[in-house]
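Let me begin by presenting the structure, written as structure tokens, before commenting on it.
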Amino acid sequence: MKSLEIILMISVNLLLLMLMYIRSKYFIHMAQQLGYIPVEYKSWLQEHPKAAFSFKKGKTEFKKPLVYTPRVKRLFFTQMFINFLPIILLVLLYFLIRLTDVGFLLLVLGQIFIGLTLIFYQNIITGLSLVINSPFERLIHKKFYKQAQKKILSLKKNDGLKVVGITGSYGKTSTKMVLYNMLKDYIPVYTSPESYNTPMGLSKVINDELSDKYKVFIAEMGARYEGEIKELTDLVYPDIGVLTNIGPCHLETFGSQENIIKTKFELADATIENGILIVNLDNEFIKNEIANRGYDCKTVSLKDSGTSISAEIISCDENGTKFNIKFPEAEIEATTKLLGEHNIINILLAVMVAREFGISNEDIVKAIANLPQVEHRLNLIKNNNGLIIIDDAFNSNPDGARAAIKVLNSFKSGKRVIVTPGMVELGDKQYEENYALGQYIANHTDISILVGTEIAKPIKDGIENINNKEHVSFQVKTLNEATALFPNILTAGDIVLFENDLTDIYE
């Protein structure tokens, strides 16, 4: 009888632990998507109670699959230890106290009750695990950070490594990839992979991938809080700093536009004295801050011909963009498959850096012609039904959304259609900016398909305020419902802009 009791108890406990593990994966995935930051995870729990306490999870809630990094494995271990602790205490109670049959039954029922409670509250346990692991994670981060910092200094001193730091509210990844493609055939260059733009991410790639065979390291620098760019500049010691753009991106975590400017200019502060600073002078925040600080730097523009280099767009269509680059010594025509004014700015920023490394104007123009499209950033696709798709599904922002709509308007035939859920992480300006985007959409597109209910409401309000009788607007709950409308409202030759691709966590 004793052995049967033990088998029953083990079976019940294993089943409970398996169910805990399955449910915990969702919340650990969410924690990874939110950067493992306890305060952001807590905010998500408070703002999305339906998702936090529901057992029905959609596949569209995450832009990226769960990656089983060492940090995720440590988080799983802590979470399962917390889950296992009350259950093991009841198991010990079984062996320490002689129980009657009724007592054993109550014990098993108690285990089941506690187990089911733990399963339901895996969302809270994930948050607790994040808090418990935080001090340990900081120690690990500090160790790898110091190791990477030491390695960078050694490579700079002994092997002549040059570091290019790129930051901005948006345009970082595109500028990084454009620059990489301009340099790769002429200089041994290593660039941080996509999304490796945090202190921990850059520390990892420096320690694992960067070596003395490279002469240039391009480091993308992201930030969501004050001081994070300073932490990155203290890690890589940039020789050249590039400021792509500044806007209300991550306003929710920065707290104010002034904090965003201050943080992004931490890269400028790190390079201005002993290095080279290159900035986009078309951005008003950058232009004003440069003037206020009196910084002497290299500049690019589409509007001002008095900058270090500038450009004039000749045409933009399904074949790409044709434009003139105005160098101090010459004006040269260039073509690229990339679309949008902001992509031309990104190219100009990369051109300025490439010239610092001695790349000729002719080789630069050749590289521009061969630039690959960047996935989900105004990526042009022609589908089998004759529709022209513009995929701009990466995180949207006010300036980028308007630039994308300008690209949509550059197509001279077919209906101009936008599919969007709107923009997030704009703090107190979220309703205002989405409302203004709705007004812009009503004036500059033929059809809008708004994805979501609450999140898309400000855009809908903006569209209705304009009351453009020629504009047709639809609102659906999911992206699948949006594309299901296509056969009834679109024909071959129409142009469809997918602007942003928010996951369900924002709804």
Side-chain angles (χ1 to χ4, degrees), residues 1-62 65-137 503-507:
M1 186 67 180
K2 194 81 172 176
S3 59
L4 290 175
E5 289 178 352
I6 293 173
I7 291 171
L8 176 62
M9 191 159 50
I10 290 174
S11 300
V12 168
N13 289 335
L14 286 176
L15 177 61
L16 290 170
L17 287 171
M18 182 180 70
L19 292 173
M20 290 173 194
Y21 173 77
I22 292 170
R23 182 157 161 78
S24 69
K25 281 177 64 178
Y26 170 81
F27 298 106
I28 287 178
H29 195 172
M30 187 61 65
Q32 184 178 72
Q33 182 163 286
L34 296 170
Y36 307 102
I37 301 171
V39 66
E40 292 202 22
Y41 180 80
K42 181 181 177 182
S43 295
W44 175 79
L45 286 181
Q46 293 171 341
E47 294 168 11
H48 303 88
K50 288 183 180 180
F53 289 97
S54 171
F55 283 85
K56 184 180 179 182
K57 308 302 178 188
K59 293 181 180 179
T60 59
E61 294 180 78
F62 303 103
L66 176 63
V67 181
Y68 285 86
T69 62
R71 184 166 189 172
V72 161
K73 292 174 183 176
R74 290 191 293 269
L75 189 58
F76 265 121
F77 176 82
T78 303
Q79 181 141 350
M80 296 314 293
F81 178 79
I82 294 171
N83 287 330
F84 192 67
L85 196 57
I87 291 177
I88 198 65
L89 290 175
L90 289 177
V91 172
L92 289 174
L93 185 66
Y94 170 78
F95 286 103
L96 292 175
I97 300 174
R98 294 185 63 180
L99 298 172
T100 62
D101 291 345
V102 174
F104 172 74
L105 180 60
L106 291 173
L107 180 70
V108 173
L109 290 174
Q111 286 181 319
I112 293 172
F113 175 77
I114 291 172
L116 292 175
T117 303
L118 290 170
I119 290 168
F120 184 75
Y121 285 106
Q122 285 304 294
N123 49 8
I124 306 297
I125 296 172
T126 298
L128 179 60
S129 300
L130 284 171
V131 173
I132 291 171
N133 280 18
S134 287
F136 183 60
E137 296 298 341
T503 59
D504 288 348
I505 67 168
Y506 290 107
E507 187 54 48

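It should be emphasised that the depicted structure is a prediction, and the values quoted were computed from it without experimental measurement.
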Working to the nearest 0.5 Å, report the span between NZ of K42 and CG of N123.
13.5 Å
Residue pair W44 / M30: nearest heavy atoms and the distance that separates them:
CZ2-CE, 3.5 Å
Around atom OH of Y68, are there more than 12 heavy atoms from other residues, nucleotides or ligands closer than 6.0 Å?
yes
Is there side-chain contact between I119 and L116, with heavy atoms separated by less than 4.5 Å?
yes
State, yes or no, whether a side-chain contact exists between E137 and R74 at a heavy-atom distance under 4.5 Å.
yes
With a 4.5 Å cut-off on side-chain heavy atoms, are F84 and I82 touching?
no
Going by heavy atoms in the side chains, are Q122 and N83 under 4.5 Å from each other?
yes
Calculate, to the nearest 0.5 Å, the distance between atoms CD and CD1 belonging to Q79 and I132 respectively.
10.0 Å
CG of L109 to CD1 of I114, rounded to nearest 0.5 Å, is 11.0 Å
Between atom CD of Q33 and atom CG of L66, what is the distance when rounded to the nearest 0.5 Å?
10.5 Å
Can you confirm whether F120 is buried at CZ, in the sense that more than 12 heavy atoms of other residues, nucleotides or ligands lie under 6.0 Å from that atom?
yes
Kindly state whether the ring of Y36 and the ring of Y41 have centres lying under 6.0 angstrom apart.
no
Heavy atoms, side chains only, cut-off 4.5 Å: are S24 and I125 in contact?
no
Is the closest side-chain heavy-atom distance between Q32 and L75 below 4.5 Å?
no
Taking ring-ring contact (aromatic ring centres under 6.0 Å, His included) as the test, write out the residues that go with Y21, two or more places apart.
F76
Taking it one step at a time, do T78 and L128 satisfy side chain to side chain contact (heavy atoms under 4.5 Å, CB included)?
CA-CA 9 Å; T78 303; L128 179 60; over 6 Å; no
Tightest non-hydrogen contact, residues M20 and I87, listed as CE-CD1, 3.6 Å
Distance, nearest 0.5 Å, that separates CD1 of I112 from OG1 of T117:
11.5 Å
Taken to the nearest 0.5 Å, the spacing of L15 CG from I10 CD1 works out to 13.5 Å
